[in-house]
Amino acid sequence: MIGVGKIKQYSNVLDKPLSKGKQEVSLSAFAFLFSELVQYNQTQVDNIAELERRLEDAGYAVGARVLELLCHREKGNRRETRLLGILSFVHSTVWKVLFGKVADSLEKGTEHEDEYMISEKELLVNRFISIPKDMGTFNCGAFVAGIVRGVLDGAGFPAIVTAHFVPVEGQQRPRTTILMKFAEEVLRREARLG
């Protein structure tokens, strides 16, 4: 019985390997915590734009940590250096870790060279939120926009990231689009890399 029941002993907690652990969080727990985050921030602000900014700031901190974790786990501490590489990473890997599936679409803006969009039919953070009429165009997708901005900034691709509702014909709920407008330095670097 060689090796049966033996557990490798680690002298230091920092020597233990990072396990992937349980990959899923209860949807009801997430919905409850997120609604509390929105309600708390709603009591701290006077207008919708400020509420969306606070949600984006909270998402930014999450995005920075998600980037570190995924670069360590998935990429062996390597980061993307090309624009399309980081967009693909956000669209597929980050989205799959956060929402359990790849985003519905990744598109390049037609009007501006520096704009890209990730679209989602039913973004998880908007799924269980009912918006009162007095809050108008409030979009909880600002939290996800903050996550995306945190990932992009941490990877060296500064961008202005915003969330927008886009009405879809034949559907009651609009689709959410995360719009990424990259800084001029990113486009210059991309052109230089060829």
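Residue numbers run from 1 in the order of the sequence given.
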Under the side chain to side chain contact (heavy atoms under 4.5 Å, CB included) criterion, do L124 and L27 qualify, and how do the steps go?
CA-CA 9 Å; L124 181 66; L27 186 58; 3.4 Å; yes

Any side-chain heavy atom of [X] sitting closer than 4.5 Å to one from [Y]?
X    : Y    : value
R188 : E185 : yes
R53  : V45  : no
S119 : V166 : no
F143 : V62  : yes

With the threshold set at 4.0 Å, does a side-chain nitrogen-carboxylate oxygen contact exist between K101 and E120?
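Judged by the 4.0 Å cut-off on N to carboxylate O distance, K101 and E120 do form a salt bridge.
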
Can you measure from [atom1] ([X]) to [atom2] ([Y]) and round to the nearest 0.5 angstrom?
X    : Y    : atom1 : atom2 : answer
E80  : L67  : CD    : CG    : 10.0 Å
M180 : R149 : CE    : CZ    : 13.5 Å
T176 : R127 : OG1   : CZ    : 11.0 Å
E115 : I160 : CD    : CD1   : 9.5 Å
L106 : Y116 : CG    : OH    : 8.5 Å
E190 : T81  : CD    : OG1   : 8.0 Å

Closest non-hydrogen atom pair, [X] against [Y]:
X    : Y    : value
A163 : A142 : CB-N, 3.7 Å
F138 : C140 : CE2-SG, 3.4 Å
A159 : L152 : CB-CD1, 4.1 Å
W95  : I118 : CH2-CG2, 3.9 Å
P158 : V186 : CD-CG2, 3.6 Å

Strictly distance-based, threshold 3.5 Å: is any side-chain N or O of [X] a donor or acceptor partner for the main-chain N or O of [Y]?
X    : Y    : value
K108 : E113 : yes
S88  : G85  : no
H164 : T177 : no

May I ask you to check whether over 12 heavy atoms, not counting those of [X], lie within 6.0 Å of atom [atom1]?
X    : atom1 : answer
K181 : NZ    : yes
R82  : CZ    : yes
F99  : CZ    : yes
D46  : CG    : no

Given I178, which partner from the list I147, V161, V90 fulfils the side chain to side chain contact (heavy atoms under 4.5 Å, CB included) test?
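Of all the options given, the one that passes is V161.
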
Of the options E52, R54, E50, E36, which is the one that meets N41 in a side chain to side chain contact (heavy atoms under 4.5 Å, CB included)?
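Checked E52, R54, E50, E36 against N41; only one passes side chain to side chain contact (heavy atoms under 4.5 Å, CB included): R54.
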
Shared ILVMFWY cluster between [X] and [Y], side chains joined below 4.5 angstrom?
X    : Y   : value
V144 : L87 : yes
F34  : L51 : yes
L84  : L70 : yes
L179 : Y60 : no
F30  : Y40 : no

Here's one to test your reading of the geometry: is the NZ or CZ of R189 within 45 degrees of the ring axis of F157 and under 6.0 Å from its centre?
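Output yes; distance and angle both within limits.
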
